[in-house]
Every structure is written in structure tokens, then in C-alpha cells.
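Sequence positions, counted from 1, serve as the residue numbers for this chain.
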Amino acid sequence: MTQIKAFSDKGLELEQVAKIASDLANRPEQLIIPEGTTRENFAAETETMLRDAFKELTYKKGRFSKNMYEKNKYEIFAILDEILEPAINLRLDQILLDFAEVKNASYGDVNSFNLVDNQLFKVTAISDGNWNIRRQKEYGGTITLPMERLGIKVYEELNRFIDGSINWNRVVDKISISMAVGIATRAFQALTSTLNFDLAAISNAGAFDEANFLEMLHDIHEQTGLRPVIYGTPRALAKIEIDRESPEMREERSRNLGYYGMFRGYEIIEIPFEAVGEDAQNDLFILPVGLEKPIKVYVDNQNDTVYEGKSQDRLDEQIELFVAQYVGVAAFRPSIYAAYRINA
């Protein structure tokens with residue numbers, strides 16, 4: 001790999017830069033601050049170093065050069081691969097772990113999930129290249145999730161970072177959150193496809209009544225011995241008055257996709273509109289959740305993460321990236337759950 005002057009001037013190898021850049025975007029409290037400087041100054045110096053590195057590879061005579069980019073694009077992809085993989089892994093953990101069991105090849109995990117109760121679950125997996133739903137029965141033991149490549153396009157963030165319009169955190173947020181949202185939406189799609197108002201062991205329909213809803217929550221807890229969790233679209237959840245939150249809890253909710261708040265001490269998970277059919281937009285589901293989370297996700301990013309988009313076809317000379325991960329998603333329907341269909 002070409003020696004990057006912006007890195008070598010600081011005495012850093014690419015792996016060290018990747019660690020610093022990932023921590024800067026996701027875990028600034030873990031940054032090791034050199035003596036004689038402040039956290040803010042070190043963060044600014046790190047951003048400048050990254051910006052200078054990309055300028056080395058893409059600029060000529062003080063401006064972006066398409067020829068320089070074409071000459072060095074695989075170096076750029078390699079740098080982004082090293083930096084973005086740990087950042088994406090961390091953001092996926094932060095966003096998905098509230099409602100899914102997540103395993104990641106980067107951590108040495110294998111694509112194998114245990115089903116604790118032989119009769120408890122039926123599985124729905126996302127599969128076959130078009131993210132279609134595939135249903136099958138599982139009676140315990142272990143399962144392996146079918147893997148598909150999920151990709152997102154990033155159009156202008158790198159150019160805007162290089163020219164100073166946005167900071168490094170914005171680049172990482174754009175990529176990692178987009179990837180996590182894509183995976184989460186498919187995970188919820190798998191989950192909601194297993195749930196059906198008519199198949200619920202406990203059901204209610206009509207105007208929302210808090211006393212009835214609390215009784216359903218208590219019934220699920222009594223019948224399963226597991227903690228009930230509430231799932232619903234924003235439209236359905238709007239009927240619920242969530243518990244009062246501290247500023248810290250509100251900040252945590254804004255960071256975590258899916259987590260919506262608490263209702264009388266019960267956790268609420270928000271399901272994206274696009275993951276639910278029109279007939280279930282006003283449904284609230286109560287699922288018993290213990291150690292066995294109803295959604296399983298396996299991420300395998302052992303291959304290259306960053307690829308070239310269609311930059312060569314763009315007249316504006318912006319760098320277009322394609323960021324891809326191999327992902328397996330499955331969801332499990334408990335044999336006992338509740339559904340509340342709220343009349344609009």
C-alpha cells in the first residue's frame with residue numbers, strides 16, 4: 001500500500017489510524033489523548049489528518065482531480081475499509097441489540113443460533129437475493145441463517161468531508177446508521193410477517209383502553225413467565241402515553257433505533273411503517289421476551305466492505321461509494337403472544 005504522508009508524519013500505521021478514527025466517531029471517551037493537548041484539539045487534529053490523507057489521494061494543484069482519484073481509488077477503499085468496519089460494527093451493536101440477538105464474524109462469532117424451547121418458535125427468514133420472506137418450522141437445536149449481501153450507496157459525503165463541509169462523524173453516521181436501519185427494517189419485516197392478529201393467543205380490538213392493555217400484559221407474563229415487550233408502528237404507539245423520561249433517557253432513545261420508551265415499566269419497541277402491512281399499522285403486539293430475543297441477525301463483513309459505485313458515470317465528479325455487508329436475518333414467533341387492534 002502507498003505510504004500516506006498524512007499518517008507517516010504522525011508516526012501512525014493504518015491500523016492505528018483506523019482505531020483512532022473509529023473511536024472519534026463512536027467512542028470519543030475512549031480516545032487516548034497525547035500529553036500536552038486536549039480532547040477537542042486531538043479530535044480536530046485527527047480530522048485534519050484524515051482529510052489531508054484523502055486529499056493526498058484525490059487532489060492535484062489544490063483541487064479534486066478525477067485522474068488522481070482513479071489512480072488511487074483502491075487505496076481509498078482500503079483506508080475506508082479499515083476505518084469503517086469497526087465503526088459500522090459498533091453502531092450495529094448500539095442500534096440492534098435492544099431487540100435482536102446479534103452475532104458478528106468480526107468478533108469470532110459463527111452463524112449458529114440456539115433455540116432454547118423446542119416448541120416455542122417458528123422461524124421466518126429473509127432470503128433469496130430479493131429479501132423475500134421464507135417460512136419454515138424449527139423444533140429446537142440450532143439454526144444457520146441464510147446470508148445475503150445488503151448494500152447502500154453513499155453519494156457525496158466523502159467529497160464534503162475532504163472539502164471541509166462536514167466532519168468525520170457525519171460520514172460515519174451516514175454510512176453506519178443507513179446500514180443498521182436497512183438491516184433493522186428487514187428484521188422487523190421478518191418479525192411482523194410471523195405475527196397475525198387472528199392467531200394471537202390473547203387479542204382485543206376497539207378504542208385503546210389502558211386497563212385492558214395492562215391486563216393483556218399481565219396475562220402474557222403469567223402464561224409464559226417471561227418479560228412482555230410491546231411492539232407497534234408509530235401510528236399504533238401514538239395511542240400510548242409513555243412513562244415520563246429523564247433527559248438522559250430521551251437522549252438514549254434518540255440514539256437507539258427501535259427503542260421507543262416505557263409504558264408502566266414495560267419496554268416499547270417501534271416498528272418502522274415500511275416493515276408492516278397496511279392491515280397491521282394500528283396493531284400493538286405483546287411478545288414474551290427472555291434470554292431468547294425474537295430476532296436473530298448475523299453480520300459477516302470479513303470480505304471488503306467498501307466498493308466503487310458509479311463515480312465514473314457522474315458528471316459532477318463526486319465520489320460514489322457502495323458499502324456492502326453480508327447479513328442473515330430471521331425472526332421467531334412465540335407460541336403465545338397478544339395483539340391489540342386499535343380502531344382509528
Side-chain angles (χ1 to χ4, degrees), residues 96-101 115-125 133 135 137-140 184-185 187-243 253 256-296 329-344:
L96 297 176
L97 282 176
D98 271 338
F99 54 84
E101 180 183 357
L115 300 186
V116 176
D117 187 330
N118 286 354
Q119 299 301 320
L120 186 60
F121 294 108
K122 293 183 180 178
V123 61
T124 293
I133 297 292
R135 294 180 177 85
K137 292 182 178 180
E138 296 289 344
Y139 295 104
T185 298
F188 281 127
Q189 181 186 359
L191 177 64
T192 56
S193 73
T194 73
L195 304 175
N196 187 301
F197 177 83
D198 296 323
L199 297 178
I202 302 169
S203 62
N204 203 337
F208 181 74
D209 183 278
E210 184 173 302
N212 286 341
F213 193 56
L214 280 169
E215 187 176 343
M216 294 169 71
L217 285 160
H218 295 156
D219 287 347
I220 290 296
H221 190 193
E222 285 183 2
Q223 291 188 36
T224 65
L226 299 175
R227 172 176 56 91
V229 175
I230 303 161
Y231 293 78
T233 65
R235 185 189 301 173
L237 294 175
K239 308 293 184 181
I240 297 179
E241 183 180 350
I242 64 173
D243 297 345
R253 179 153 66 97
N256 290 351
L257 180 76
Y259 179 71
Y260 187 84
M262 304 290 286
F263 169 75
R264 304 298 181 265
Y266 295 101
E267 187 177 9
I268 305 170
I269 300 294
E270 180 182 309
I271 301 174
F273 280 121
E274 57 270 27
V276 181
E278 186 58 36
D279 60 336
Q281 290 288 338
N282 290 309
D283 290 352
L284 293 171
F285 294 103
I286 302 172
L287 274 61
V289 177
L291 296 176
E292 190 81 20
K293 293 182 179 178
I295 296 173
K296 312 293 183 187
V329 175
F332 303 83
R333 185 181 73 208
S335 55
I336 298 175
Y337 67 96
Y340 198 135
R341 177 156 291 171
I342 303 171
N343 291 343

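When all heavy atoms of Ile268 and Met262 are compared, the closest pair comes out as CD1-C, 3.8 Å. When all heavy atoms of Pro294 and Leu191 are compared, the closest pair comes out as CB-CD1, 4.1 Å. The shortest heavy-atom contact between Pro288 and Leu226 is CB-CB, 3.8 Å. When all heavy atoms are compared, the tightest approach of Ala236 to Asn282 is CB-C, 3.8 Å. The minimum heavy-atom distance linking Leu237 with Glu270 is given by the pair CD1-CA, 3.7 Å. The two atoms that bring Tyr337 and Leu199 nearest to each other are OH-CB, 3.7 Å, heavy atoms only.
Between atom CD1 of residue Ile271 and atom OG1 of residue Thr192 there is a gap of 6.0 Å, rounded to the nearest 0.5 Å. Separation of atoms CG (Leu287) and CD1 (Ile336) is listed at 11.5 Å; rounding is to 0.5 Å. To the nearest 0.5 Å, the span separating CG on Asp209 from CD1 on Ile342 amounts to 11.0 Å. Note that OH of Tyr266 is 10.5 Å distant from CD1 of Ile220, once rounded to the nearest 0.5 Å. The structure places OH of Tyr231 at 14.5 Å from OG1 of Thr233, a figure rounded to the nearest 0.5 Å. To the nearest 0.5 Å, atom CD1 of residue Ile286 and atom NE2 of residue His221 are 12.5 Å apart.
In this structure the side chain of Met216 never reaches within 4.5 angstrom of the side chain of Leu284, judged on heavy atoms.
By the ring-ring contact (aromatic ring centres under 6.0 Å, His included) test, Phe208 pairs with Phe213, Tyr340, sequence neighbours left out. The salt bridge (Lys or Arg N to Asp or Glu O under 4.0 Å) test applied to Glu222 returns no partner, not counting sequence neighbours.
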Report the C-alpha distance between Leu214 and Phe263 in whole Å, list the side-chain angles of each, state the deciding distance to 0.1 Å, and finish with yes or no for side-chain contact (heavy atoms from CB on, under 4.5 Å). CA-CA 9 Å; Leu214 280 169; Phe263 169 75; 3.8 Å; yes
Please report the C-alpha distance between Arg235 and Glu278 in whole Å, then the side-chain angles of each, then the deciding distance to 0.1 Å, and finally whether the salt bridge (Lys or Arg N to Asp or Glu O under 4.0 Å) criterion is met. CA-CA 11 Å; Arg235 185 189 301 173; Glu278 186 58 36; 3.6 Å; yes
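Looking only at distances, a side-chain donor or acceptor of Arg341 sits under 3.5 Å from a matching main-chain atom of Asp279.
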